[in-house]
Amino acid sequence: MTTTAISYAAHAAKAPLERTEISRRDPGPTDVAIDIDYSGICHSDIHTVRDEWGAATYPVVPGHEIIGTVTAVGGDVTRFAPGDRVGVGVIVESCRACESCLAGEENYCARGPVGTYGGLLASGEFTQGGYATSIVTDDHFVYRIPGALDPAAAAPLLCAGITTYSPLRHWEAGPGTRVAIIGLGGLGHLGVKFAAALGAEVTVLSQSLSKRDAGLAMGASDYFATSDRETFRKNRRRFDLVINTVSANLDLNDYLRMVAKDGTFVEVGLPEHPLSVTGQSLVNGRVSLSGSMIGGVPETQQMLDFAGEHGITADIELIPASEINTAFDRVVASDVRFRFVIDMASLR
Ligand code: NAP
Ligand code: ZN
Ligand code: ZN
């Protein structure tokens, strides 16, 4: 037995997404059935649909920034009940037995976590994501959403939020730390808000100064255009922690020179082509080059609770599903302030 959901699916690489019916399984003992209210558009959805990472399987329904309302729960589920407002993020299954999973870092599961879309569950089911009217998923990967947060604006916390919060916490951003965020898009603007709420001094490195007022209002104290070569000279060896959220390939060597001695450059962007770094960029200043992928289940809930306490949500443009394809083009053109969120009521 299954139920039918209305979704927006890509049927081939670079083809526009189209309204498509998909089926959802009936909830098993540990499952939660959710009517989706809002779904954020992450740049990873676009990389996937356009097959920029290779090996995409079609049709694919993207979407891993999901806010919805519980409609039914399996017999073993105790944490959720029908009517609860909940979230689903980037992963929906992991082995639950490896060292990472036992440490609550399911995102680094040794067997590989299963994505909310485009992934293969142990049951053999191919996952389809949140650009849909409903989803059924294991309760371990379902989150409570603080009531104080606007649900549509909270959706991007489930990927963009945790992806920036996790490295900020891991590298201990706080009072006295100088943090730079490269790219003021979906991830970047939440990174600025979280870093400021943690007490760090935050600088935005954006292509131009066109979003400067917004960036300063989010908590940045400095804002530079990377189109201006002076930016790189003025900020040489300045930042303890640099988080690169850019979806396209940058010359990282320029940016590594802005990392303070013994500081860390964290790549969270996943551009299409390999990154290139010279030895000099790493040995000068003894800088560390690292990466970070979303966050584990406990940290994701901690991030949501922190967002609730500090009133942090995304700045969004709410759109009907019929505008998804236009929104994709605008995201690629860096023309978004600062996250598109799909109003799933438009599909019902
Ligand atoms: P986004 O909203 O499109 O933001 C990316 C920002 O990068 C843009 O707003 C723009 O900021 C800047 N940018 C874009 N093209 C550029 C170019 N050619 N040169 C310089 N800057 C450019 O994307 P997002 O949803 O935040 O995702 C960002 C990246 O993170 C994507 O690659 C995505 O796949 C990846 N991601 C990774 C994880 C993870 O777990 N590591 C999780 C989610 C997403 P300005 O206009 O301010 O310059
Ligand atoms: Zn994402
Ligand atoms: Zn595991």
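Read the numbers this way: they start at 1 and go in the same order the structure lists the ligands and their atoms.
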Exercise. When you measure from atom 40 (O) of ligand 1 to every protein heavy atom, which one gives the shortest distance, and what is it?
Worked result: I294 N, 2.8 Å
For this session: Answer side chain, backbone, both or neither: which part of A248 comes under 4.0 Å from ligand 1, heavy atoms only.
Result: side chain
Seminar exercise, completed: Among non-hydrogen protein atoms, atom 8 (C) of ligand 1 lies closest to S334 OG, 3.7 Å
Seminar exercise, completed: The answer for which part of V332 has a heavy atom under 4.0 Å from ligand 1 is neither
Seminar exercise, completed: So the angle subtended at the Zn ion (ligand 3) by C95 atom SG and C101 atom SG, rounded to 10 degrees, is 120°
Exercise. In terms of side-chain heavy atoms, does H11 have a donor or acceptor partner in T20 at a distance below 3.5 Å?
Worked result: yes
Exercise. In terms of atom number and element, which parts of ligand 1 are under 4.0 angstrom from non-hydrogen atoms of V331?
Worked result: 3 (O)
Problem set entry | Protein contact of atom 35 (C) of ligand 1 - nearest heavy atom, named by residue and atom, plus distance | V268 O, 3.6 Å
Seminar exercise, completed: Closest to atom 43 (C) of ligand 1 among protein heavy atoms sits C159 SG, 3.3 Å
Problem set entry | Atoms of ligand 1, numbered as shown, that sit under 4.0 Å from any heavy atom of L250 | 19 (N), 20 (C)
Exercise. N/O/S atom of C42 under 2.8 Å from the Zn ion (ligand 2), yes or no?
Worked result: yes
For this session: Considering the heavy atoms of K211, write down every atom of ligand 1 situated less than 4.0 Å from one of them.
Result: 9 (O), 11 (O), 45 (P), 46 (O), 47 (O)
Seminar exercise, completed: When rounded to the nearest 0.5 Å, the distance separating CZ of F232 from CG of L256 is 11.0 Å
For this session: Tell me, with the steps shown, if D262 and R286 meet salt bridge (charged side-chain N to carboxylate O under 4.0 Å, His left out).
Result: CA-CA 5 Å; D262 293 327; R286 197 164 54 189; 2.6 Å; yes
Exercise. Got a salt bridge between K211 and D315, using NZ or NE/NH1/NH2 to carboxylate O under 4.0 Å?
Worked result: no
Exercise. How wide is the angle at the Zn ion (ligand 3) between SG of C109 and SG of C98, to the nearest 10°?
Worked result: 120°
Problem set entry | Salt bridge E299-R169, side-chain N to carboxylate O under 4.0 Å | no
Problem set entry | T30 side-chain N/O to D138 backbone N/O, donor-acceptor pair under 3.5 Å | no
For this session: Could you tell me whether ligand 1 has any atom less than 4.0 Å away from a heavy atom of E267?
Result: no
Exercise. Side chains of D35 and T69: do they bring a donor and an acceptor to under 3.5 Å?
Worked result: no
For this session: Output yes when E106 and R111 qualify as a salt bridge under the 4.0 Å nitrogen-oxygen rule, no when they do not.
Result: no
Problem set entry | Salt-bridge present (D343, R348; N to O < 4.0 Å) | no
Exercise. Which of the listed options, P167, S208, G215, S292, holds the heavy atom that is closest to atom 41 (N) of ligand 1?
Worked result: S292
For this session: Please state which part of W53 comes within less than 4.0 Å of ligand 1, counting heavy atoms only: side chain, backbone, both or neither.
Result: side chain
Exercise. Would you say A160 touches ligand 1, if touching means a heavy atom closer than 4.0 Å?
Worked result: no
Exercise. So is G186 polar-close to ligand 1, meaning N/O to N/O under 3.5 Å?
Worked result: yes
Problem set entry | Distance filter under 4.0 Å to H47 heavy atoms, resulting ligand 1 atoms | 31 (C), 32 (O), 33 (C), 34 (O)
Exercise. For V70, which of V142, D139, V86 qualifies under side-chain contact (heavy atoms from CB on, under 4.5 Å)?
Worked result: V86
Seminar exercise, completed: Judged by heavy atoms only, the candidate from N107, L270, I182, L184 nearest atom 11 (O) of ligand 1 is L184
Problem set entry | Donor + acceptor pair across side chains of Y165, Q302 (<3.5 Å) | yes
Exercise. Any idea which protein heavy atom is nearest atom 47 (O) of ligand 1, and the distance to it?
Worked result: S206 OG, 2.5 Å
Exercise. Do the side chains of M258 and L241 join up, straight or via other hydrophobic residues, at under 4.5 Å, putting them in one cluster?
Worked result: no
Exercise. What is the nearest protein non-hydrogen atom to atom 13 (N) of ligand 1, stated with its residue, atom name and distance?
Worked result: Q207 NE2, 3.5 Å
Exercise. Distance-only, no hydrogens or angles: does the N107 side chain make a donor-acceptor pair with backbone N or O of G296 under 3.5 Å?
Worked result: yes
Exercise. What protein heavy atom is closest to atom 1 (P) of ligand 1, reported as residue, atom name and distance in Å?
Worked result: H43 ND1, 3.8 Å
Problem set entry | side-chain contact (heavy atoms from CB on, under 4.5 Å) assessment of V341 paired with I319 | CA-CA 6 Å; V341 172; I319 58 165; over 6 Å; no
For this session: May I ask you to say whether R339 pairs ionically with E65, meaning some side-chain N is under 4.0 Å from a carboxylate O?
Result: yes
Exercise. Hey, which atoms in ligand 1 end up nearer than 4.0 Å to a heavy atom of G269?
Worked result: 29 (C), 30 (O), 32 (O), 35 (C)
Problem set entry | Residue G183 vicinity, atoms of ligand 1 by number, heavy atom under 4.0 Å | 11 (O), 47 (O)
For this session: Could you tell me the residue and atom name of the protein heavy atom closest to atom 44 (C) of ligand 1, and the distance to it rounded to 0.1 Å?
Result: S44 OG, 3.3 Å
Exercise. For atom 28 (C) of ligand 1, which candidate among L187, T245, N249 provides the closest heavy atom?
Worked result: T245
